Amino acid sequence: MENSDFNKTVGALGREVVLIESRAHELPARFQTLRTKTELLKIDILKRGLENRTKSLARQAGFKSITRDGKKLGVSLAAAAAGIVLGGVLTRDGLSALTAGMSGFDGALQELGKSKWVVSLDGDLLVIPRNQIAPGRTWVTLESLLLALGELGVKARAGEQFGTIGAIVAKLKQGYSRLEYVLPVTQWVTRRE
């Protein structure tokens with residue numbers, strides 16, 4: 001009887017060992033999936049941060065524009081009022097209407113502050129309007145940087161690892177053809193023949 005119990009126990013332990021071994025073989029695939037998702041997340045955070053920064057800068061510039069020109073205030077308020085009315089008609093909810101109105105006002109501010117944006121690839125990823133660039137930094141257009149980040153996203157899906165955000169920027173500096181470099185006006189060279 002004792003031998004039978006011992007054989008059952010050994011058999012149960014053998015099945016557990018097989019189960020543990022099969023789970024252990026699944027771990028590398030899970031880690032690879034997590035690593036890929038992490039790399040994609042880093043790129044998405046970088047893209048989203050750049051997009052949010054440009055929206056914030058456009059909003060600030062639009063607000064400054066309104067304070068300089070009162071006519072633009074009327075346009076912005078009209079956009080907000082239209083959003084409130086339209087939101088109220090469609091949803092019949094006051095809070096939704098107010099949200100739509102504020103969204104319309106925010107959109108008008110961003111439109112008034114719209115600019116061609118450039119990003120410095122030096123450490124802090126400074127975002128400014130193209131007409132305000134200064135020498136001493138490596139400037140690229142925002143559009144080309146977002147395209148290059150999209151390319152890195154494809155490479156991340158294929159399993160490539162980039163490391164920190166700084167390493168991603170260093171990778172971008174290594175020569176992505178999609179990056180469109182911009183020089184300050186003081187560095188423009190005219191060719192005379």
Side-chain angles (χ1 to χ4, degrees), residues 28 30-69 72-73 75-76 79-80 99 102-193:
R30 287 183 182 174
F31 282 131
Q32 180 60 36
T33 301
L34 286 174
R35 187 179 314 146
T36 299
K37 287 181 179 180
T38 302
E39 294 301 322
L40 287 170
L41 186 60
K42 285 187 246 180
I43 293 169
D44 286 344
I45 288 170
L46 193 53
K47 286 170 81 173
R48 175 101 24 130
L50 290 168
E51 290 166 352
N52 288 343
R53 182 69 180 140
T54 57
K55 285 180 181 179
S56 175
L57 290 170
R59 198 176 292 120
Q60 291 172 11
F63 188 73
K64 285 179 185 176
S65 175
I66 286 174
T67 59
R68 286 190 303 258
D69 185 359
K72 292 180 181 177
L73 176 61
V75 170
S76 300
T99 302
M102 293 307 295
S103 179
F105 183 70
D106 182 55
L109 281 177
Q110 288 181 44
E111 189 61 32
L112 290 172
K114 194 163 85 172
S115 181
K116 296 280 186 183
W117 302 103
V118 293
V119 181
S120 170
L121 291 182
D122 302 315
D124 56 357
L125 292 176
L126 179 66
V127 179
I128 61 171
R130 188 175 184 154
N131 62 353
Q132 294 179 4
I133 60 176
R137 288 182 169 261
T138 305
W139 297 102
V140 296
T141 63
L142 175 66
E143 295 84 13
S144 69
L145 180 57
L146 292 175
L147 286 173
L149 287 171
E151 288 178 358
L152 286 182
V154 170
K155 290 184 177 195
R157 280 185 191 87
E160 191 168 333
Q161 296 177 23
F162 304 113
T164 64
I165 299 291
I168 292 173
V169 172
K171 185 97 170 156
L172 288 169
K173 280 183 167 181
Q174 288 177 356
Y176 271 83
S177 61
R178 299 228 175 199
L179 286 179
E180 183 181 322
Y181 289 87
V182 181
L183 295 174
V185 174
T186 57
Q187 292 180 331
W188 288 1
V189 177
T190 56
R191 194 173 165 165
R192 296 181 188 195
E193 295 188 33

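Atoms considered below: every heavy atom in the structure, side chains included; atoms not considered: hydrogens, waters and symmetry mates. Computed from a prediction, not measured in an experiment: that's the story for all the values here.
Atom CG of residue L50 and atom CD1 of residue I45 lie 12.0 Å apart, to the nearest 0.5 angstrom. Atom-to-atom distance recorded for T54:OG1 and I128:CD1 is 13.5 Å, nearest 0.5 angstrom. Note that NZ of K171 and CD of E160 are 4.0 Å apart. Values are rounded to the nearest 0.5 Å. To the nearest 0.5 Å, atoms CD1 (I133) and CG (L183) are separated by 7.0 Å. Between the CG atom of L142 and the CZ atom of R53 there is a distance of 12.0 Å, given to the nearest 0.5 Å.
Qualifying side chain to side chain contact (heavy atoms under 4.5 Å, CB included) partners for T38, counting only residues two or more places apart in sequence or in other chains: K42. For L125, the side chain to side chain contact (heavy atoms under 4.5 Å, CB included) partners are L46, V119, L121, V169, not counting sequence neighbours. For R30, the salt bridge (charged side-chain N to carboxylate O under 4.0 Å, His left out) partners are E26, not counting sequence neighbours. Not counting sequence neighbours, the partners of S120 by the side-chain hydrogen bond (donor to acceptor under 3.5 Å, both in side chains) test are D122, R137. With sequence neighbours excluded, the residues that form a side chain to side chain contact (heavy atoms under 4.5 Å, CB included) with Q161 are R35, E39.
Residues I43 and A156 approach most closely at CD1-CB, 4.2 Å, considering heavy atoms. For the residue pair P129 and V118, the shortest heavy atom distance occurs at O-CG2, 4.1 Å. Nearest heavy-atom pair, A167 versus F162, reported as atom, atom and distance to 0.1 Å: CB-O, 2.9 Å.
T141 is not listed as a side-chain neighbour of K116, based on a closest heavy-atom distance of 4.5 Å or more. Side-chain contact between E51 and L146: present, with at least one pair of heavy atoms (C-beta onward) separated by less than 4.5 Å. In this structure the side chain of L172 reaches within 4.5 angstrom of the side chain of L149, judged on heavy atoms.
Put simply, the side chain of W139 never gets that close to the backbone of R130: no donor and acceptor are under 3.5 Å apart.
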